[in-house]
Each structure stands twice: as C-alpha cells, then as structure tokens.
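Heads up, the thing below is written out as structure tokens.
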Amino acid sequence: MTPDPVIELRNATKRFRASSGGVHTAVRDLTMTVRGGAFVAVVGPTGCGKSTTLSLVSGLEPPSEGVVLVRGEEVFCIPPGVGYMFQNDAVLPWRSVLDNVASGPRYRGSSRAEARDRARVWVERVGLAGFEGYYPHQLSGGMRKRVALAQTLVNEPEILLMDEPFSALDVQTRSLMQDELLRLWAGSDAAVVFVTHDLEEAIALADRVVVMTASPATVKASFDVALPRPRNVEEIRMTDEFLFVYREIWDSLREEVNRAREEASHRAA
Amino acid sequence: MTPDPVIELRNATKRFRASSGGVHTAVRDLTMTVRGGAFVAVVGPTGCGKSTTLSLVSGLEPPSEGVVLVRGEEVFCIPPGVGYMFQNDAVLPWRSVLDNVASGPRYRGSSRAEARDRARVWVERVGLAGFEGYYPHQLSGGMRKRVALAQTLVNEPEILLMDEPFSALDVQTRSLMQDELLRLWAGSDAAVVFVTHDLEEAIALADRVVVMTASPATVKASFDVALPRPRNVEEIRMTDEFLFVYREIWDSLREEVNRAREEASHRAA
Amino acid sequence: MPHDTTITTPRSGRTTVDSSVVAKATSAHRKRRATVWAIRLALVAGWLVSWELTATYWIDPFFYSKPSAVWQRLVEWFTVGTSQGSIWEQIEVTLQEAVLGFALGALAGVVLGILLGRSRLLAEICAPFIKAANAVPRIVLAALFVLWFGLGMTSKVATAFVLVFFAVFFNAFQGAREVDRNLVNNARVLGASRLRVLTSIVVPSATSWILASLHIAFGFALIGAVVGEFTGASKGLGLLINRSQNMYDAPGIYAGMIVITVIALLAEWLLSVLEKRLLRWRPQAGGTEVRV
Amino acid sequence: MPHDTTITTPRSGRTTVDSSVVAKATSAHRKRRATVWAIRLALVAGWLVSWELTATYWIDPFFYSKPSAVWQRLVEWFTVGTSQGSIWEQIEVTLQEAVLGFALGALAGVVLGILLGRSRLLAEICAPFIKAANAVPRIVLAALFVLWFGLGMTSKVATAFVLVFFAVFFNAFQGAREVDRNLVNNARVLGASRLRVLTSIVVPSATSWILASLHIAFGFALIGAVVGEFTGASKGLGLLINRSQNMYDAPGIYAGMIVITVIALLAEWLLSVLEKRLLRWRPQAGGTEVRV
Amino acid sequence: RDSRVAGDGPIKIMVGGLEKVIYLPARLAEQLGHFRAEGLDVQLLTEPAGASAGNALIAGEVQGAIGFYDHTIDVQTKGKCIQSVVQLADVPGEVEVVARRHAGTVTGPADFRGRKLGVTSSGSSTDFLTQYLAARAGVSSSDYTTVKAGAGPTFIAAIDNGGIDAGMTTDPTVAQLISSGKAEIMLDMRTEEGTRAALGGLYPASSLYMDCAFVARNKEIVQKLANAFVKTLRFIESSSAEEIANRMPADYANAGRNLYVKSINDTKGMFNGDGRMKEEGARNVLDVLALASPSVKGRKDQVDLARTYTNEFVDKVRP
Ligand SMILES: Nc1ncnc2c1ncn2[C@@H]1O[C@H](COP(=O)(O)OP(=O)(O)OP(=O)(O)O)[C@@H](O)[C@H]1O
Ligand SMILES: Nc1ncnc2c1ncn2[C@@H]1O[C@H](COP(=O)(O)OP(=O)(O)OP(=O)(O)O)[C@@H](O)[C@H]1O
Ligand SMILES: [Mg+2]
Ligand SMILES: [Mg+2]
C-alpha cells in the first residue's frame, strides 16, 4: 500500500543569479517526499517557487544544494517516465494539434503512423476531436491547454508534474478534465504533483495538499485529504469534510500570502 | 439610475478568414447592451468568441456586419476612456514594472515624473510594492498579471473590458483583487465587462451575467444578480441566493458547453 | 484560389454565411493586388521616363546612359548574342556559380549558426574568429580565392559562399539563441534527445530568422559570383559587365545589372513560395480579416 | 563586477546565503572565462604555427606569405609608416568612411525597415524594388558611385551605405513584422498614438533583430569602404591592400586584412557593450544559474 | 591543377584588360585565326589588373599572360622567374593627360608639385612611371598626391569633376578625353620619340610573358605562340586602323566606332612589328623601377635582366 517514495527532495535549495548581479533564492531547504501512486497538490503564494520545485524534480534544473531523488536515484538528467505540463504554453506553433500530441511517442521512437494513432485517441479524450489539423494559433487559450495536456498524457507517465494545468479552462471543461484526470490516474500507478492556485481544486483532487511558504519556498505544512475515492469533483465540493479541510488549509495559506505581501512592501521601504 | 447604454452591440457579426482559405465566424448576430456603471460578467464555452466580442467593443477589430456603439457613437477607432485587460500577457518585457504601469499616463501626455508617481500608487495597490524596478521576466506569472491590471487601472477607464484577468492569480490574491476591483469600481461610474471562466467569480462580482452560446458566439441568456452591494466576495459565496443563481446559470451554460463538444466531434466525423 | 469558396464554421448547422461573403472578400483581395501592381508599374514608368528625359536633356548619357539605349543593348544581347557568346550561356554560368555558392553557404551558415547558437562554450570560443572572418573584405578574398582555387568555377563559388555564409550564419545563430526555453524543456521532458530537440524545436523556431536571411542571401550569392568573375573569368554576367565598363559601354553596364536583378527577383519569388509553405503554421500578419 | 556581492532575496530576514556562495559563483565564472580565452589563444597559436610551417616547407609563401613576414610588415607600417604615409592616417580615412556609411546605412535601414514592416501596402509596393536593388552587385555600384559622386569620400560612404542598409533593412523589416500583436493592441488601448506605438513597442521589439544585423553590418561598412577605395582613392587601407596586390606583396595583403579585422573586432566589442545595455531586460540565456 | 606543364586542354592566356588597345594583339590574333593556323587551342581570359594576370601565371592557372614587361623584374626580386617571350611594344603606350582647366598651368612634370595625379592603380606601372617622370623633373613623390583613378569611365569622371588634375592612362580613354575636349595631352608615350623625350629612353611594356620553366619545357608551344603574335604584329604594321577595327568584334566599338578607330590609329604606332626586345629598353625599365618600386629599390644589381626576356622564339619566326 505505501511503496517507497518515488520522488524525494532532501534539503533542496535552488538559487538563481539575479539580473542585478546578486543571488535570488527561489527554493530553500525543501524536504518533501511523494510515494508511488500518490496525488499531491501543492499550493502557495504567487512567485513563491512552486514552478521551480517542479523543475527540480523534472531534472530540468539542478539543485544548488541538497539532493533530488526519483525512484531512489539522484536526478542528473530527466528521469524516464516523467511527464511535465508546463505553466506556460509549450505547444509547438508549427505543428498541428495531432502532430503536437504525437510528439512524445515520436520522440520515444514510435513510427509516425503509430504515434498518430495514439495521439488521435488522446485528442479525442481532451475534447478536441475535429481540431486535429488546426495549428495552435487557430485555437483559443483553453483549447491550447488541452493540447498540452494530451501531449503530456499520451506518454503515460509514471510521475506526472502539472503546473496549473486547468487554470485557463472554462468551468465545465475544467471539471470534466478533473474527472478525466482522476479516472486516468486511478487506472495507473502514477504519482502526481499538481500545482494549483485553486484550493478547491487541490482538495477535490489530491490525497495530500502541501502548503508552501512565501519565497523562498519550503514546505510549510502538509494536509491529508481523507475524502473517499472514487470522487466526483462536482459533488464532493459541497460535503462537510471538504469544507473542514478547506478552512484548515486556507488558514495556513492565508498566513503565507499575507507574509509575502508584507515582505514585498518592507523591501520597498 | 438607468442611464443610456454606454456599450451597445447591434447584430454584430465578426468573421475571420480561416487559414484553410474559408471563413470562420467567431461572433454572430450578437446584440447586447451595457449601461453606464454596470458590472456585466460574460461566461461561455472556451473558444466561443468572448475575447472577440471584447475586441469589437474596444475598437481593435471592426465588426464584419452590424454596429458597435460606445456612448451612442459608432466605434471606428479605439473609443476614449476604454481600458482593456488582455487575456494574454501584454506587459512590455523591456520595461520595468513601474515603467510598464506608467505607460498609460505617458501615452496620454503626462510628464515622466507625474506618470511614475501615479504608477507607483497602483503598483502598491496591486501588491507589487518593492518590485518597481523588476523586469517582467523576473516575475512569476501571477505577478505579471497584476502588473497588467495596474497598467489598465492607472488610466482610470470609464469602460473597463477584462478578459479573464484573475485566472492566473492564487486564491488569496485573487479574492483580494476581486474585493479591490469592487471597491474601485464602486467609487467610479465605470461600466465593466468581465469575461471569466469562473462562474463563482462572475456571480460574486457582477450585476448581470451574460451566457454566450457555443461558437459562433451570440447571447444565449442574461441573468440579473440581485445580491446586495457592497459585497464581500468571500462571504457572499456561501449564501443561498448565490447558490440559487449559480445553479440557474450553470444549467444554461452546461447546455452550451455540451453543444460545443458535440459539434466538435460531429465535425470530426 | 479555388479554396476560397469553402466555408469552415464549427457550427455548420446554424451557418447562414452565403458564398457571396466569400466572393466579396476574394474580389476585395484581387482589387488590392491590382492597386499594388498599378502603383508599382507607375513608379517604374515614372522612373524610366525621368531618367530618359534627364539623360537626353541634362546629364551626360556617357556616364548615366539612358533607358532606350539600355533596352537596345538588351534586345541585342537576347537576339544577336554577346561578344562572349549567347547571353543564356553567360546567365547559366553565373547562375550555376551563384546557386552552388548559395546552397553551400546557406547550409554551412544554418548548421554552424544553430550549433553555435545552442552551445554557449563553442559560441564563446568561436565568436571572435567568425566576426574577424566576417570583417575580411570580400573583394580581397576573391583575389585570394583565385590564387587558392584557380580560375575555374570553384573560386567564384567560394566568393559566393563566404558572402552567403555570414549573412545566414548570424541570423541562424540569433534565431537559435532566441528559441523559447519552454519549448525546449517541454520537448526534453517528452523524451526528445539532444539531436531531436535541435531538429524538431530549434530549427523550426529559427526558421523565420533563417528565411529572413535567405532573402538577402541569394542576392549576395549573385554578387559573389559577379565579383569572382570580375577577378578573372572567361564567361559570365560579371565579365560582361566588366567588359562593358572597360569599353565605355554604359548601356551594357546597366543592361547587365538589369539581367542580374531579374534573376535575383525570380529567385526571390521562389524563396517566397518556399517561405509560405514552411511558415504555413504562422498566423498571417494583419489585414487578413474579411471586411464585408 | 563589484555588484556580485549584493544579495537580493525577497525574504532577507530568513536569508542565510553567505557571501561565499556568491564568491564561489563569481570564481566559477572567472574560471570559465579563463578557459575560453585559453582555448582561443591555443587555436590562434596553432593556426599561426601551422601556417608558418607549411609556408616554410610546403606551400609557396609567394602567394600565401607567412606569419613572420606579415608581422614584419605590420611592424614596418606602424614604425616606419607605409608608402602612402602614416598607417594611422590610412586607418583614419577608412574608418571615417566606414563609420559614416554605417551610421547612415543603419539609420536608413532601421527607419525604412520598420516603416515597411508595419505598413502592408507600402511593403507590398516597395518589396520588389528593394529586392532588386539588393541584387545589384556592389562592386559595380562602387564604380558607378565613383562616376556619380567622384573620387572623394562620398563614393566610399555610399558604397558602405548600400552594404549596411540592406543588411539592416531586412532584419528591421522582419523584426517589425514579428512584433507581438497583443503588445501593440495593449499600447493602443492604453492611449498610444500610431507614432508612440512605433517608438515604444515596435522599435524595442525589433531591437534584437536589428542588433543581430548590426553585428555584421559594421564589417560590411568596412568592406564597403575598402571596395570603394579599390575603385579609386588616394588614401586608405583598401588602397594599401590594392597596392600590395599590384606589387606582389603578399605579406602586405595579409597585414592589411589583419588591420581591418582588428578594427572590426573593436567595433564589434563596442556593439556588444551597447547590446548588453539595450537588452538588459532580457532573461540571460542558459547557464546563468549559480551552480554551487 | 598545375598547368605549368602543358597537358590537355586549351592554352590559357590571361590578359590584363582584353579591351585595352595596348593589348590589342591578343584578341586580334584570335580574330585573325593565327592561333588556329598554328594548331593551337588558345583561350583568352581577362583580369582588371596586370598584377592579377601575373599572379595567375605564377600560380599556374594560365600558361601565358599579356601585361607590362616590368612585372617580370618585380617578381624576380621575389624569387620567381617569368620572362617576356614576345615583346609587343618598345614604348608604354601611356599618355599623361592634363585636365583642360589646368592645361595652361601644368605643362610638364616640373609642374606636378601640389597636384593630384591620377594613376590606374597604386603600385602599378603608371604609378612607377609617374614617379619617375616627377623624379626626373626634380619633384619628389611627397610633393604631389597620387590618386587611384582606375581606367575608363572612372578616370574620365575624375578628370571631369576635379578628382584629379592630370593623370596617366591609355587608349581608348585618351581618345575619349581628347575628343570630348575634357583634357589635353601633356606627354605622349605612344611613340618612340615621345617616350624618349619623356623618359630619356625606351620603356618596353606590352608583352606576352610566360613562366621560365614552362618556356624551357614547351619550346614548341611557345614557338607557335610567337609565330601567331609576330604575324599579328606584322598585320598591325601593314594595315590601317580602319582595317584593324574591322577585324575586331563589333562590341569593342560600343562607345562609338570613330572613337575606336581613332584610338587604334593613335596607338598602333607603339607596336614594334617584330616582337623583339631591345636590350636598351629592358635596362631603362630597370632604371625606372629602381627609382620607383620599393621592391626593386636598392636591389638593382641583383636583377638578372637576361632571365626576364628572350628573343629566341621571335627570331625564329619565318618572315
Ligand atoms: N530563471 C530564473 N532566473 C532568475 N529568477 C528566477 C528564474 N526562475 C524563477 N525565478 C524567480 O524565482 C521565484 C520563484 O519563481 P516560480 O516561477 O517558481 O514561482 P511560482 O510559485 O511558480 O509562481 P506562480 O504561482 O506565480 O507561477 C520568482 O521570484 C522568480 O522571479
Ligand atoms: N485573428 C483570428 N483569425 C482567425 N480566427 C480567429 C482569430 N481570433 C480568434 N479566432 C477564432 O475565433 C474563435 C473565438 O476565439 P476567442 O478568442 O474569441 O474565444 P474565447 O471565447 O475568448 O476563448 P477562451 O475562453 O478559450 O479564451 C476561435 O475559434 C478562434 O480560433
Ligand atoms: Mg509557477
Ligand atoms: Mg478568450
């Protein structure tokens, strides 16, 4: 039931060279583990370092200090089986929807036809059937996000990093996508790290919600969400358990957000 | 109490030349009015044509058919007193936060010093005090949205068009910004057209919620929100009136979203 | 375009857009093209007339020639031929040199530009050398190339090559550096090897930069071939111009320049067709809306 | 950089980053620079040595000269002077021509490129003319300029001008076309006039394109000046090289090329400083993270 | 690639300006069919400058070059051996012209002081001759400005717009300048008398020169070339300018037929008719170079004039 952690960050620190010539610490002394098959949501004030944390796990950025382990091995390059849905649009403007989704299988050695077949399934699943031949600039923002989602999921990752994947979707599509995500995830052993600004979303989806401190990010608190699965995202929102957890996490988060604002004004003074 | 409409769309249609060489109708026969001082929220399925509607009102795109009137006059170029917060990042990467916010006053003829003074106030109001000298690439996505907001509001527009302005903000900042927006709006006579995917947000903020049909967009239904003002966004959410209106609009919207999906799959078949 | 009559609307059931809308849009488009061509022709005509007049009444046609004389020379070349043989032969020789130099130079420029654009260390090491090489006057190089590669086609190709290479290189380099990091990261996570990142992300991203440089590069290739022929040759348009210069044949100089220009414009047109194909995925620039 | 020791963290209260982190980062940076320079020097040294050796034992120094002879010629020029007078005078003349041509050409290229990049109609009308003009061989133009403007500085400046103009123009044009429509719309709604949109949105957006072209443009300006001098002059580095060519003085040719190259590299360095200032707002390319 | 040894393919001859009247015999020989008559397949190439022709020859790109004799001396100081096998003329064929507006004040080399003097190219024979003329009149090279004015239209434009006050050039530029009244002749080195008067001796210039080693190894080919050229020289001597012009390709007269005939007429006297080099002339060239050329200056004694030319082949041409 509780396998070894697939993701482990030990005192990970990440510094960036600030353009002023100084050093900006985005993540500091972050220790956190995610077990196989777990669904962890991460919330925290804007700009605290959530995206940076994901980039550490994905191996795209090396930590400045500390270690990052995936499946027990230290991360030096991108570990296999990782899927990462970026916060910003990362679809290729020069490829059609279908070819965008087929990118992953193509990169991983599938033949063109096979990759397209697999892609077609996913394009339909995210509700873009009929738009296969469109180029990204012909789609609305929400549709592009769905392309990105399909692009990531078509690789069937074991570790899924998602950086505010649904923030640009409309309410209905969003809850459909949330349900779809849960369904897909339930059928797999994938560990999910899901960054979001939407506390409701975090609670509705996750087994555990991690609250991050204001910048530099580190884990402030971690809350287990004991809501039963399978969940229907729409229904669960109105339950008492949900509201209780919501309030608890909210209090923790509010503190950090306020702190972030205060510090900003302090620095200005 | 009910002044003449400041925004009026009469059978407005907007077609784009599709890249296939055909014609794509984004908005069709749209008729809609917004009175001075009103706060109208617009919801609809992704890609239906909400952003296009705003671009018609702002005068950035001419309608293909029908007329668009602002303050009773037909729109040919950008009408004075219009503020428009775009769905996509539109901050200037080569200007610091302060200079970005100061752009509007500078364009409108203020001196450099005066523009900066006015900008400083707004940078603080959106919670970015201390980041005046930062360049956009040094900010997180949420912080950039706040810069864009300040940039729009510093011009004190009488007509405020907002295209999913808060979708990238974290929950807390978002509700703070919503409250701030309501406060600022209450103190002005500005008409607001607020596009959002978040139905809760729409109801909590608006006097009237307009539901758009699936593409091509036209007004499907319009719901008055009779909740008392001044509102506290956080509190209002839990009231019965709120939930009632929510359900009503939701049903209307769900229909369109489903229709949009069906058509997409039909076209594919 | 026959495609203009296809109507694509997601909601075909409700569509009432009749084909007249499309037809109107198409005719507006045609009208616009006609206007553009009319203005262009008017400009050319105005320029030719004023040249003819000033050369007849005011300036010395010995230096400046005049359109009628140039036209006569062109007619002569294409009917009687030049003293070096058929004009087509001259064109063929020059074109061959230019195309070879262009192809090799563009290829080398793109490959090196992208490699250096993606590797900071390589770029830092090579930068000063490439900039230094770029500063070497081509006309001096042309003379050296004759010594190094002989009087044959190679030396002209080499001259065209260096001109094309640098124009393309700098743009490919910049294009490769400007690639959206997000796209690269996404591809890497999706499983792309370094090579695949290069071919499937960096190259397409840099395409608009590279194409921008190719537009001027073919002109450069022609110039390179001509400069090479100036330095020593037995055939080619450059030689033809050079001979005209030596023989006080101003009409010949201008006629030669016109032939070269027409070739460059044809090449340019081919490149534009290529560009349209390669950049199909891009939103067209402003003015594509159907205004009805 | 003394700034390296400032630490900026939003949360200064909790900051435990000691200055050793910064120091380490800085020293890593230094080390890298040292490596780069070492490799560069090694390459230059290797090249010089192999040139000297092959020229001594294998190839004919009559054509290829050799580093020691070139060096000797350089020393002679800078101590005794050249046959045309002090070397500094030659440099001054060529530099003056190149700088003037560069400044005028870059200005015209940027202005016209941006105007045409923003106006579809103008662009459509002018495009074929500009492409045609670009295809005219510069070496022929240089001769024509001498006819039109005389043997003085003007004809060289004009040659440098045309070379610079086209390089800059095409990039500025493309840069202006690639401007994010969103940014333009935003500025317009914020109240910017057409002119302000141009100066505050289009020009900065196109800056990275324009700067990319300026990198090659100064080299072109020098080449233009040299080509102009080849056609006719009484002073200048181009003439010096031409003279060496006429007198079978291979070391002189290479020495002249080296002087020009060094000038181009100095100009390049100045441009890089400018670029760094103008593009301060840009995220630096990869490898800026502090790895500690 | 090295064609110093005659192999297959045509014999390539590089001319330092195929259209210049001073190099007329090259194209004329071809037009008259003299090469073909000797069983030679000759390809004429052209380059703008004499030195480039010399370079192409030394690099083995071509088997022969037509240019000024003085190149053979210059390259000998740099360890190369090329030699004139057919000396086309004993005089340079150059003319020092003076712009009409200065015709009254600049009457001889003594008036060069403070003037802008045009030469075809810096470091070329015209440059050396100008220096020599000035030196003979006691004017040092720092007292006037040497301007590279090229040949042809650029030279005319320079005279026209004041870029140069006087300058040295050849036909048809001279004919063009005189007939348009833009300039007058100051020193005419197209005739023997004129040359002796200006330089104090002969100055053999236009010549067919070849690589010494090639000459030694391919005597037959060289002999055939000499035959063709000498026959051409005889034709020039015995024909009128009109007749010569008739034999040339039509487009050589593009700037005006009368002008072309006139320039042939003015220049044709410089060709010596037998292709022989006079020893006196060679020595005089060395004197000029010793004064003006930095590479020969101070090394006059090391130059072996006997290796720079040979009359061996022209002497064997059947009359
Ligand atoms: N490449 C970089 N160079 C310098 N600073 C960076 C870089 N990437 C991120 N930062 C800084 O690190 C901090 C954390 O950024 P990050 O994107 O991780 O925040 P976030 O929590 O994802 O914010 P949001 O919720 O708004 O997306 C920010 O202050 C940002 O300015
Ligand atoms: N410039 C354009 N050229 C061609 N088609 C366009 C253009 N702009 C928008 N469209 C099309 O018009 C439709 C409506 O787009 P719009 O951006 O208005 O949707 P939206 O309702 O704002 O969507 P979202 O909620 O996802 O932002 C889309 O199908 C889109 O592809
Ligand atoms: Mg983020
Ligand atoms: Mg939108």
Side-chain angles (χ1 to χ4, degrees), chain A residues 51 54-55 57-61 77-97 99-110 115 128-131 133-140 143 147-148 150-157 159-163, chain C residues 3 6-15 110 114 118 120 172 175-176 178-212 274-290:
Chain A
S51 301
L54 291 194
S55 71
V57 175
S58 69
L60 286 171
E61 297 274 3
C77 59
I78 299 158
V82 164
Y84 188 168
M85 206 181 139
F86 290 85
Q87 186 169 7
N88 298 319
D89 238 16
V91 293
L92 302 180
W94 53 85
R95 287 201 182 161
S96 68
V97 167
D99 287 333
N100 255 298
V101 178
S103 297
R106 288 288 285 146
Y107 288 144
R108 285 160 193 246
S110 296
L128 287 176
F131 290 87
Y134 279 53
Y135 286 103
H137 80 270
Q138 299 171 299
L139 304 176
S140 70
M143 291 154 101
V147 176
Q151 202 179 40
T152 302
L153 292 181
V154 72
N155 273 338
E156 289 164 10
I159 296 172
L160 185 52
L161 310 174
M162 305 180 88
D163 202 347
Chain C
H3 284 296
T6 351
I7 296 171
T8 349
T9 31
R11 184 159 244 177
S12 35
R14 278 206 210 166
T15 302
V110 167
I114 284 180
R118 297 311 296 169
R120 255 172 79 83
E178 301 247 316
V179 172
D180 188 347
R181 261 186 117 177
N182 237 357
L183 294 184
V184 174
N185 283 344
N186 190 32
R188 284 178 61 201
V189 171
L190 287 176
S193 61
R194 289 206 158 262
L195 186 70
R196 290 303 291 272
V197 167
L198 222 58
T199 56
S200 74
I201 309 291
V202 180
V203 174
S205 289
T207 305
S208 69
W209 284 84
I210 293 170
L211 285 173
L274 179 79
E275 180 167 17
K276 246 191 206 133
R277 271 196 64 82
L278 284 179
L279 298 186
R280 234 177 345 173
W281 51 269
R282 272 217 301 212
Q284 278 158 294
T288 48
E289 307 90 80
V290 183

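If you're wondering where the values come from, they're calculated on a predicted model, not measured in any experiment. Lettering follows sequence order; numbering is per chain, from 1.
Residue T207(C) does not touch chain A at all, counting heavy-atom pairs closer than 4.5 Å. With a 4.5 angstrom heavy-atom cutoff, V154(A) does not touch chain C via any of its atoms.
Annotation: maximal heavy-atom pairing with chain C below 4.5 Å, among C77(A), P80(A), G104(A), S103(A), occurs at G104(A).
A pairwise comparison of heavy atoms in A206(C) and A176(C) identifies CB-N, 4.0 Å as the closest pair.
Residues passing the side chain to side chain contact (heavy atoms under 4.5 Å, CB included) test with D163(A), sequence neighbours excluded: S51(A), L54(A), Y84(A), Q87(A), V195(A).
Side chains of M162(A) and T152(A) form no contact here, defined as non-hydrogen atoms less than 4.5 Å apart.
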Using a 3.5 Å cut-off and no angle test, enumerate the donor-acceptor pairs between side-chain atoms of residues 192-201 of chain C and protein atoms at least two apart in sequence or in another chain.
from    : atom 1 : to      : atom 2 : distance (Å)
S193(C) : OG     : R196(C) : N      : 3.2
T199(C) : OG1    : L195(C) : O      : 3.3
T199(C) : OG1    : R196(C) : O      : 3.3
S200(C) : OG     : Y107(A) : OH     : 2.6
S200(C) : OG     : R196(C) : O      : 2.8

